[in-house]
2 protein chains.
Amino acid sequence: MTSAESGFRGIPGSAPTGTKQAAGRAGATLGSAARLRMAVPSVADRVAAELRLQLAEGLLLPGARLTESTLSEELGVSRNTVREAFAELAAERLVVRHPNRGVFVASLGPGDIHDVYTVRRFIEVSAIRGGGSPERVTAVRAAVEEGRAAAAAADDEALGSANQHFHGAIVALAESRRLNTIMAQVLAEMRLFFHKATVDAHFYRSYLDDNDKICKALEAGQLDRAGDLLLAYLDRSEEKQSAVHGD
Amino acid sequence: MTSAESGFRGIPGSAPTGTKQAAGRAGATLGSAARLRMAVPSVADRVAAELRLQLAEGLLLPGARLTESTLSEELGVSRNTVREAFAELAAERLVVRHPNRGVFVASLGPGDIHDVYTVRRFIEVSAIRGGGSPERVTAVRAAVEEGRAAAAAADDEALGSANQHFHGAIVALAESRRLNTIMAQVLAEMRLFFHKATVDAHFYRSYLDDNDKICKALEAGQLDRAGDLLLAYLDRSEEKQSAVHGD
DNA sequence: AATCCTTTGATTGTTCAACAATTCTTCGAT
DNA sequence: ATCGAAGAATTGTTGAACAATCAAAGGATT
């Protein structure tokens, strides 16, 4: 009985909500109007999404082993489909795949904390130093307010979410699809690694003022100051996480 | 007859070269010595590697459609295995997967050039501004010399490769596993998108002196100067690629 | 009691065949 | 030329089977 066997919701057989995406034949008839279509997520995508939820909520713990046949039975899907979902999650570094030995929920290894924060420093600080459109800056402000509302409601999970939205919004200043994807993955990893610290309300509450200061500097166009404040925050946050996780 | 059907080498049935990797049971017996083991690449990995080669060499052109059954027959593997290889390549953005409609070699879309260069600016410039160990700096210098040798030998492909090694080595200054992976993917995308320009010797030869100057500043510890030179290079390179590809 | 070797069981990776679903192409009618 | 229907092609999924690999268990040896 592994933790992979606890608390699974089956994959809904009903029609799931679709997502709009522009589609067209790559390399052909680019001049023709692209037709919008509703893409129904595949079963494998839905399995992956379900597992992502479980990971983000701490129901699947770092290091836990996920077995294809067990999940196949529990979710009522084919083993092959589970494999496809695993591949998705492995590409996002949420699970680690060891050939012939199995799939394990990703866990913090030596240097991982520093690595994640190095990526964040490169990306977030560069993004905020480049500034962004008024719309993008407004989104950063919205995330700060979201954090304040969560703190006022004593909702710790929402506080952690708002903090992630804040940092995602900073990267989004750059309006780069690739950077947004990279940052989303880094944030997903952090949710997985640092879940325990996430529910410590004090952890994020202490950063609300920091986030506000960073945002104010951004709004005022003081981009170097914003970058310095953000860098200081990231360094401090790394120290704290290292202290909590003994890296 | 699509370009996917041209020039495939079968997947070798003989024992392939393995790669060393440390393995252990995640989350368990972390105190025990990790045993080194030779991991035999799976067939899916080998299919993916083969396709990567074809992509990098321009044998599979942007926009070309890759069909599971065709590749399955040509490579002598199961269709399911081809699907697994496709998933790997899609995660690396080398192919684009449209649900129910097929897999296509990735191609340049609107804004892709700017996007790729934005990522590079964030990562490469941050990395060089952080400097690195003597060993890492030596690797940057080695890539510059590699470029000089390629130019002297009038080997255009090698010249392009050396330039990519140069930029990979810059990011490697940060000694971050995640950033190295991200950069490797960006470089793979660039090889795919810009292959035509790659074989234009003049394209990279004009950058040899730039690379040398950047490296000299790095070696002298003038990190801000190195960053400014690199930034100027990236901006100029983006302009040139945009001019060639009409983005 | 500790260590080593062999056997067994569990799991992964792959193949194959089949089917359902979706999309694209072709053909015929207007 | 356009539209609609039919057919073809392809993708996504399933389930069964088998080979290969690894981990666990059990027995033998020191």
Side-chain angles (χ1 to χ4, degrees), chain A residues 1-2 4-5 11-13 15-16 18 21 23-29 32 34-48 64-88 90 95-104, chain B residues 1-2 4-5 11 13 15-16 18 21 23-29 32-48 64-88 90 95-104:
Chain A
M1 178 65 88
T2 70
E5 292 165 354
I11 301 294
Q21 65 179 1
R25 237 184 264 187
T29 65
S32 61
R35 288 172 293 176
L36 293 177
R37 60 180 69 234
M38 299 287 288
V40 178
S42 64
V43 175
D45 285 345
R46 284 188 268 143
V47 171
R65 181 172 187 166
L66 310 179
T67 58
E68 299 172 359
S69 51
T70 303
L71 283 178
S72 168
E73 284 162 24
E74 293 190 343
L75 300 181
V77 300
S78 156
R79 181 159 78 83
N80 221 80
T81 303
V82 172
R83 286 182 62 83
E84 295 212 349
F86 281 168
E88 284 186 45
V95 300
V96 183
R97 210 165 197 177
H98 295 298
N100 287 314
R101 301 185 49 237
V103 172
F104 302 84
Chain B
M1 178 65 87
T2 68
E5 293 165 356
I11 301 295
Q21 63 178 1
R25 235 184 264 188
T29 67
S32 62
R35 287 172 295 175
L36 293 177
R37 59 179 71 232
M38 298 289 288
V40 178
S42 65
V43 175
D45 285 344
R46 285 190 266 140
V47 171
R65 180 173 186 162
L66 309 179
T67 58
E68 300 172 1
S69 50
T70 303
L71 282 179
S72 166
E73 284 163 24
E74 294 191 343
L75 300 181
V77 300
S78 158
R79 183 159 75 80
N80 224 79
T81 303
V82 173
R83 286 181 62 83
E84 294 211 352
F86 281 169
E88 284 186 46
V95 300
V96 183
R97 205 163 201 178
H98 295 299
N100 287 313
R101 300 184 50 234
V103 171
F104 303 84

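Numbers restart at 1 for each chain; the letters A, B, ... are given by sequence-line order, proteins then strands.
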Q: To the nearest 0.5 Å, how far apart are OG1 in A:T67 and CD in A:E73?
A: 8.5 Å

Q: Check this one for me: any side-chain N or O of B:S42 less than 4.0 Å away from OP1 or OP2 of C:dT14?
A: yes

Q: Work out which heavy atom in A:F86 is nearest to a heavy atom in A:V95; give both atom names and the distance.
A: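 So the minimum-distance heavy-atom pair works out to O-CG2, 3.9 Å.
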
Q: I need the CG-C1' distance between B:N80 and D:dA16, as an integer number of Å.
A: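 It works out to 13 Å between those atoms.
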
Q: Name the closest nucleotide to the B:V43 side chain, picking from D:dC22, C:dT14, D:dT14.
A: C:dT14

Q: So, OP1 or OP2 of C:dC24: does either fall under 4.0 Å of a side-chain N or O from B:R101?
A: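 Result: yes.
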
Q: Quick one: pull up CZ in A:R83 and CG in A:L71 and give me the separation to the nearest 0.5 Å.
A: 13.0 Å

Q: OP1 or OP2 of C:dT12 sitting under 4.0 Å from any side-chain N/O of A:T67?
A: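 Answer no for this pair, as no side-chain N or O of A:T67 is under 4.0 Å from OP1 or OP2.
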
Q: If only side-chain N and O atoms of A:T81 are considered, is one of them under 4.0 Å from the OP1 or OP2 phosphate oxygen of D:dG12?
A: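 No, no such contact exists.
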
Q: Without decimals, in angstroms, what is the distance between B:R65 CZ and D:dT11 C1'?
A: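 Checked: the CZ to C1' distance equals 9 Å.
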
Q: Rounded to whole Å, please give me the gap between CG in B:N100 and P in D:dT11.
A: 10 Å

Q: With the side chain of A:P99 defined as its heavy atoms from C-beta on, choose the nearest nucleotide among D:dT14, C:dG13, D:dG12.
A: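 Ranking D:dT14, C:dG13, D:dG12 by closest atom to the A:P99 side chain puts C:dG13 first.
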
Q: How close or far is atom P of C:dT11 from atom CZ of A:R97, stated in whole angstroms?
A: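 It is 16 Å, rounded to the nearest whole Å.
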
Q: With a cut-off of less than 4.0 Å, is there a side-chain N or O of B:R83 near OP1 or OP2 of D:dT11?
A: no

Q: Write down the distance between CD (B:E88) and P (C:dT14), rounded to a whole number of angstrom.
A: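 After rounding, the gap between these two atoms is 10 Å.
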
Q: Using 0.5 Å steps for rounding, measure from the CZ atom of B:R97 to the CG atom of B:L66.
A: 10.5 Å

Q: Quick one: on DNA chain D, does A:G76 or B:G102 contact a more 5' nucleotide (nearest heavy atom)?
A: B:G102

Q: For B:S78 and B:N80, indicate whether the former's side chain and the latter's backbone hold a donor-acceptor pair under 3.5 Å.
A: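 Present.
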
Q: Atom CD of A:E73 to atom P of D:dT14: distance rounded to whole Å?
A: 14 Å

Q: Separation of A:E68 atom CD from C:dT14 atom P, in whole Å?
A: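 A:E68 atom CD is separated from C:dT14 atom P by 11 Å.
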
Q: For the pair made of CZ in B:R79 and C1' in D:dT10, what is the distance, rounded to whole Å?
A: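 Distance check: B:R79 CZ to D:dT10 C1' gives 8 Å.
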
